There are 4 protein chains.
Amino acid sequence: MNVHSALKNKLDKKNLILDTTLELISENGFHGTPISMIAEKAGIGAGTIYRYFENKEALINELFKEIKRKVMNAMLDGYNENKSFKDRFKHLWMNLINYFMDHPKAFQFIEQHRYASYMSKLTREESFMIMSPVMMFFIEAKSAKAMKDLPIYTIISLAYGPITSLAKLQIDHKQKLSAERIEQAANACWDAVKNN
Amino acid sequence: MNVHSALKNKLDKKNLILDTTLELISENGFHGTPISMIAEKAGIGAGTIYRYFENKEALINELFKEIKRKVMNAMLDGYNENKSFKDRFKHLWMNLINYFMDHPKAFQFIEQHRYASYMSKLTREESFMIMSPVMMFFIEAKSAKAMKDLPIYTIISLAYGPITSLAKLQIDHKQKLSAERIEQAANACWDAVKNN
Amino acid sequence: MNVHSALKNKLDKKNLILDTTLELISENGFHGTPISMIAEKAGIGAGTIYRYFENKEALINELFKEIKRKVMNAMLDGYNENKSFKDRFKHLWMNLINYFMDHPKAFQFIEQHRYASYMSKLTREESFMIMSPVMMFFIEAKSAKAMKDLPIYTIISLAYGPITSLAKLQIDHKQKLSAERIEQAANACWDAVKNN
Amino acid sequence: MNVHSALKNKLDKKNLILDTTLELISENGFHGTPISMIAEKAGIGAGTIYRYFENKEALINELFKEIKRKVMNAMLDGYNENKSFKDRFKHLWMNLINYFMDHPKAFQFIEQHRYASYMSKLTREESFMIMSPVMMFFIEAKSAKAMKDLPIYTIISLAYGPITSLAKLQIDHKQKLSAERIEQAANACWDAVKNN
DNA sequence: TATGAATGAGAGTTCATTCAT
DNA sequence: TATGAATGAACTCTCATTCAT
């Protein structure tokens, strides 16, 4: 086995552990998911997990950041800097809610563990960094007076809050909004942040 | 001791336990807060807690409902049915965010435990009932065409989502919005839900 | 209230506790029967039990001796010293098994707690003393060569063993032997101990 | 380590736990013997016991069945189907009492726990099955009119009762019957059950 | 490198006993 | 004298982590 495939193997196993963990934590919660359960479902030994992650907390923290990265990538997919602020806003907004609705486990995981005590300050800071491209968009839009003159966190809350709220309600009530309804919601959100 | 003061004593101790639990759970989470820790901080024996609550889950569930009731009361404080839809919307909205900002532990508690596995279906249903007066307002406003023709859950998400999001960001970043800024945010939220 | 009725009251309550304890221990076992449960069923306070018995072990020990006394009384009921050894043997034997079958809770209690660690040496010795009148009969019968020349404990075992064994099997299998069957069994036991 | 010695190790540890448990339960009873005490005496960690037994009740139940099996094997040792009913009866009878006298802890364990609430119905049924070969002997002997025409449970009680009774008295009084005395007792028992 | 048996600290919970009323 | 709220020691059981293989 050459260096390349050894590395690939290592990455594969790490991802296997992360995926299995997400699956099980969604079903049973952090404390309902012993390391032994993850190991068994992943088809590896419990001790092996400790070769890839320092401990259970580290595993959760890494999973959190991993999901955040995927969310970010999904959000920016097809993003076009040359479109209008409104179009770019709606693009980001709809990308995000669609990703959450397609990946409810990922969504629930970040929602539930955002403030968990085992989530380190470092993870929170890093996951904040990951989101900086989107932050930039809001700062730019605000500077250009396309958005209301409100603190940047207020604007983000007006945009992001409804997404999480909608995603939760849909998962709760096992509904599924149509593409049209989603676009209407995106427009409503734009009404909230846009400068009149 | 007469019947009245015996009852008062009993309620006092129950509230002592609930308050202590909220304090500690906010800091350490459900699983980071053993019963023994609650007992010690409350200055009582561990066994005593089991005279007031069947078990740890029941304690958490009762705390959840207790907080929900307080949130509801705060939200409806000073509510006037004769005002316009916009005024009533803003009144509820600002009452809620102000309560969350004044009681960050209560806010974090309901956010973190809303979907926890140890939160019983009954608790969820009961806490939904508690919120029904506010639900009625939204249904009424929508019927009156004062709000957009969107599914009721979408409207609630547009209104409630930014509140939680703002509260989280403020607690995270230890900021505090001025009353003026809060009113501006309320207006922005109204822009999102109002019918043009 | 005069001295006599005060004493009567005290005895009544003591017996109430003993009776309730037997009832509950039969259903749930020693460790499945907390003091609080006895108190509740007896309609008194838990602390009150400690005015009548030093602790839970003392209560059980006293109950054991109380039952033994009743068993002894039942066994000697109608006993006639002037009858033949065979008749006296059968009389004692049938009295005992009939009492056990009529009072299965009492029987099970002494069977199950005979060797329990919380049964004191003193209790065992005292309950042995209680049985001495019956011992005397066996010693007399053996001296008179009416019974086999075997150690006295062997003779007692030949007589008493089948009684407990039969009582257990009947309670187990919810059978009920007829009076005729019981007399046949008594005769068979006499065959075992009698001198040929 | 190969498969064979791994299995051997596993069995060794399981037996170590069972043996230690019998030792301690005989001295202190079920509830006087915490898992931690078993672990300490066995020189293993408390958690280890739970790798071999689901819980404390399962451990006791397995111990019960294990002892029953050994008792049965001892009872049938040297049994010869071609001997007379009397000889076979005496053989089984003496084998059993000798085993009980040589293994007083095993005897006391099954006597004390036979009706304990933590003994499952399954265990009782299984232990009944184990004893079926001996049952068969009694049924056969009764059919052949070698034994009295009494219900089978009565006959078993006449035979088995004295054994437990004798064993108890001997353990209580720390006596030891000679082989001759035991044979005399077996003969007396035969007198009880034999057809005249 | 990968394993999983073993560990033991620490969790939730029960209940005999005490003692202020 | 009778009560029952309060206690806290002690129980059973879980599981993150280690380490010999």
Side-chain angles (χ1 to χ4, degrees), chain A residues 1 6 9-10 13 30-40 43-59 118, chain B residues 1-2 5-6 9-10 13 30-40 42-59 118, chain C residues 1 6 9-10 13 30-40 43-59 118, chain D residues 1-2 5-6 9-10 13 30-40 43-59:
Chain A
M1 192 192 287
N9 243 348
K10 209 173 158 80
K13 194 162 281 186
F30 178 61
H31 290 279
T33 308
I35 291 286
S36 58
M37 193 192 276
I38 299 171
E40 193 180 17
I44 59 176
T48 308
I49 290 175
Y50 286 82
R51 297 201 62 78
Y52 293 89
F53 303 94
E54 205 189 329
N55 52 36
K56 200 184 177 186
E57 286 202 6
L59 165 57
Y118 44 78
Chain B
M1 193 191 287
N2 59 30
S5 66
N9 244 348
K10 211 171 156 81
K13 194 159 281 182
F30 179 65
H31 291 282
T33 308
I35 291 286
S36 58
M37 194 191 277
I38 299 172
E40 194 178 16
I44 58 175
T48 306
I49 292 174
Y50 288 85
R51 292 195 60 76
Y52 293 88
F53 302 94
E54 210 189 325
N55 52 37
K56 199 184 176 185
E57 282 202 18
L59 166 56
Y118 43 79
Chain C
M1 193 190 287
N9 242 348
K10 211 172 155 79
K13 194 162 278 184
F30 178 63
H31 291 277
T33 308
I35 289 286
S36 58
M37 192 191 276
I38 298 170
E40 193 181 17
I44 58 175
T48 307
I49 290 175
Y50 287 83
R51 296 201 63 79
Y52 294 87
F53 302 95
E54 206 189 328
N55 53 36
K56 199 183 177 186
E57 286 202 6
L59 166 56
Y118 43 80
Chain D
M1 193 190 286
N2 58 31
S5 66
N9 245 348
K10 213 172 157 79
K13 195 159 280 185
F30 179 64
H31 292 281
T33 308
I35 291 287
S36 57
M37 193 191 277
I38 298 171
E40 193 178 17
I44 59 176
T48 305
I49 291 174
Y50 288 85
R51 293 195 59 78
Y52 293 88
F53 302 94
E54 210 188 325
N55 51 38
K56 199 183 174 185
E57 281 201 20
L59 165 56

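Please read these numbers as outputs of a predicted model, since none were measured by experiment.
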Would you list the atom pairs, donor with acceptor, under 3.5 Å between side chains in residues 47-55 of chain D and any protein atom, with sequence neighbours excluded?
unit_1: D:Thr48; atom_1: OG1; unit_2: D:Gly45; atom_2: O; d: 3.3
unit_1: D:Asn55; atom_1: OD1; unit_2: D:Glu57; atom_2: N; d: 3.2
unit_1: D:Asn55; atom_1: OD1; unit_2: D:Ala58; atom_2: N; d: 2.9

Practice problem: Let me know the distance between CD1 of C:Ile38 and P of E:dC15, rounded to the nearest Å. | Solution: 12 Å
Exercise. With the side chain of B:Arg51 defined as its heavy atoms from C-beta on, choose the nearest nucleotide among F:dA16, E:dA2, F:dG4.
Key: F:dG4
Quiz prompt | Identified stems (criterion: three or more consecutive Watson-Crick or G-U pairs, under 3.5 Å), DNA chain E | solution = E:2-21 with F:2-21
Exercise. Taking all heavy atoms of B:Thr33 and all of B:Lys56, pick out the closest pair and write down the distance.
Key: O-NZ, 3.0 Å
Quiz item: Roughly how many Å is it from CD in B:Glu54 to P in E:dG12, rounded to a whole number?
Solution: 16 Å
Exercise. Starting at atom CD1 of A:Ile49, determine the distance to atom P of E:dT1, rounded to an integer number of angstrom.
Key: 16 Å
Self-check item: Distance in angstrom units between D:Phe53 CZ and F:dT12 C1', rounded
Solution: 16 Å
Quiz item: Think D:Tyr50 has a side-chain N or O under 4.0 angstrom from the OP1 or OP2 of E:dT7?
Solution: no
Quiz item: CD of C:Glu57 versus C1' of E:dA16: gap in Å, rounded?
Solution: 11 Å
Quiz item: Nearest of F:dT18, E:dA16, F:dA6 to any side-chain atom of C:Ile35?
Solution: E:dA16
Quiz prompt | Nearest-angstrom distance from the residue atom OH of C:Tyr118 to C1' of E:dA16 | solution = 15 Å
Practice problem: Give a yes/no answer on whether the side chain of B:Tyr52 brings an N or O atom under 4.0 Å of OP1 or OP2 in F:dA6. | Solution: yes
Practice problem: Please report the shortest heavy-atom distance between B:Gly32 and B:Pro34, naming the atom on each side. | Solution: O-CD, 3.4 Å
Quiz item: Given that A:Ser36 and B:Gly43 both sit by DNA chain F, which one's nearest nucleotide is further toward the 5' end?
Solution: B:Gly43
Self-check item: Aromatic ring pairing A:Tyr118/A:His31, orientation class (parallel under 30°, perpendicular over 60°, tilted between)
Solution: perpendicular
Atom pairs, N/O to N/O, protein against nucleotides 8-10 of chain E, distance under 3.5 Å?
unit_1: E:dG8; atom_1: N7; unit_2: D:Gly47; atom_2: N; d: 3.3

Quiz item: Given that C:His31 and B:Phe30 both sit by DNA chain E, which one's nearest nucleotide is further toward the 5' end?
Solution: B:Phe30
Practice problem: For F:dC11, take OP1 and OP2 only and decide whether either is under 4.0 Å from a side-chain N or O of D:Lys56. | Solution: no
Quiz item: Given E:dA2, is OP1 or OP2 found less than 4.0 Å from the side-chain N or O atoms of A:Lys13?
Solution: yes
